[in-house]
Number of protein chains: 2
Amino acid sequence: MQLLKEKILNEGEALSETILKVDSFLNHQMDPVLMKKMGEEFAKRFEGKEITKVLTIESSGIGPGLMTALTLDVPLIFARKRKSLTLTEDLITSSVHSFTKQETNTITVSNKYIVPGDKVLIIDDFLAVGQAARGLVDICNQVDAEVVGIGIVIEKAFQDGGKELRDQGFQVESLARIQALKKGEITFAEEMEGATIHV
Amino acid sequence: MQLLKEKILNEGEALSETILKVDSFLNHQMDPVLMKKMGEEFAKRFEGKEITKVLTIESSGIGPGLMTALTLDVPLIFARKRKSLTLTEDLITSSVHSFTKQETNTITVSNKYIVPGDKVLIIDDFLAVGQAARGLVDICNQVDAEVVGIGIVIEKAFQDGGKELRDQGFQVESLARIQALKKGEITFAEEMEGATIHV
């Protein structure tokens, strides 16, 4: 998605070989017009899938997830990383390990909102090793809901998550795929020539 | 806001005299069309305020905040409750105590995104004693940004936060004001006759 790639080049910052900071439009400040266009793009890429629910994970998935749900006219459910006072009924949980943060979270979804027969589109901000996406897939599997696709804003294509999920048969659509990060340097996967752009 | 009040009556659940569960459309599952209408309503209520930023707090403020920001065509910033790997520059922090959760969080905003001269609209899902709103006001004060208003989805009018903020001169707009909660019973503040509706 060209607009997103321009944003990443203009405003993103490679903090290390694995960490891309996009706080100016996705992870802290959000650009609502970009979010809306991303939602429309995800809806287009998963057209005809008869999606009944969009599932994401707090907090940064909520923006793109909500705009996708708005375009598709279906509810958004965001998995909780933290215990909620009002999440009191039967819960579906899964463990998600974050390699960058070196912590394991239990993510939680109420089985009132993801139900058997649902056709679920998973949306998340980043895909690296794929732990968060797999946790969301696991939650859908536990209630016999079908995952019809996985939409990712930024895929770190130099890590294995995307390949593994595609090998398992999932349609994974990433709006931007990063081939490599070096401090101060971002390279996209799609661009085969003159790929390295210094930012 | 009539549509919201109907949603609260039809789907909300008073878990106690202070806790209202609205997980089906706001705090876990989100109704994107309702979020959009709430964003438009907030934009209308603060019309002419020359808002430059919408500020909210993760996670449940992001939905209504993003839709308000979209309508106003300004960025949304969501304060972080947890440490973020990429929030690395100069940070503005404030302490927010949650009486229901009995915990104190440090909320964090980068001073790159809320800057002197900004006219900030604060949006949040709930207003009870007003700790979260006051934390966001405090963050704006620290960088000489002006708070031009506070938009709340559901105000617990039986608690003091709204009154105190209005007494301090803030324009506080709540889309639904709850007068009283009893287990299984929700009463709105605006309805002076036949106010109690059993749900």
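What you see below is based on every heavy atom in this structure, not just the backbone, and it leaves out hydrogens, waters and symmetry mates.
- When the side chains of ILVMFWY residues are joined at heavy-atom separations under 4.5 Å, either directly or via intervening members, Ile139(B) and Val148(B) end up in two distinct hydrophobic clusters.
- The number of heavy-atom neighbours closer than 6.0 Å to CD of Gln142(A), taken from other residues, nucleotides and ligands shown, is above 12.
- Side-chain heavy atoms closer than 4.5 Å link hydrophobic residues (I, L, V, M, F, W, Y) into clusters, and following such links, possibly through other members, connects Ile92(A) to Tyr113(A).
- Heavy atoms only, all atoms of each residue included: Leu66(B) and Met35(A) are closest at CD1-CG, 4.1 Å.
- Residues Ile62(B) and Gly63(A) share a closest heavy-atom pair of CG2-N, 4.4 Å.
- Pairing each heavy atom of Ser110(B) with each of His28(A), the nearest pair is N-NE2, 3.0 Å.
- Interface residue Val74(A): only backbone heavy atoms are found under 4.5 Å from chain B.
- Heavy-atom distances place no part of Leu55(A) under 4.5 Å from chain B, backbone and side chain included.
- Cluster membership for Phe46(A) and Ile122(A), using ILVMFWY side-chain heavy atoms within less than 4.5 angstrom, is not shared.
- Only the backbone of Leu26(A) comes within contact range of chain B, with at least one heavy atom under 4.5 Å from a heavy atom of that chain.
- Heavy atoms closer than 4.5 Å to chain B are found in the backbone of Thr108(A), but not in its side chain.
- Counting heavy-atom pairs closer than 4.5 Å to chain A, the top-ranked of the candidates Asp73(B), Leu34(B), Leu76(B) is Leu76(B).
- Shown here is Lys7(B), whose NZ atom has more than 12 heavy atoms of other residues, nucleotides or ligands within 6.0 Å.
- The line from NZ of Lys36(B) to CE of Met67(A) is 9.0 Å long, rounded to the nearest 0.5 Å.
- Taking hydrophobic clusters as Ile, Leu, Val, Met, Phe, Trp and Tyr residues chained together by side-chain heavy-atom distances below 4.5 Å, Ile150(B) does not share a cluster with Val129(B).
- More than 12 non-hydrogen atoms from other residues, nucleotides or ligands lie less than 6.0 angstrom from CD of Glu6(B).
- Between chain B and the residues Thr71(A), Val109(A), Val33(A), the most heavy-atom pairs under 4.5 angstrom are made by Val109(A).
- A 4.5 Å side-chain heavy-atom check between Gln29(A) and Lys53(B) finds at least one atom pair inside the cut-off.
- Nearest heavy atoms, Ser60(A) versus Phe78(B): OG-CZ, 3.9 Å.
- Between Arg80(B) and Asn27(A), some side-chain heavy-atom pair lies under the 4.5 Å cut-off.
- The hydrophobic cluster containing Leu121(A) does not contain Val137(A), counting ILVMFWY residues as joined when their side-chain heavy atoms lie under 4.5 angstrom apart, directly or transitively.
- Among all heavy-atom pairs drawn from Pro75(B) and Pro32(A), the shortest one is CA-CD, 4.1 Å.
- Only the side chain of Leu15(A) comes within contact range of chain B, with heavy atoms under 4.5 Å apart.
- When heavy atoms are compared at a cutoff of 4.5 Å, Leu72(B) does not approach chain A at all.
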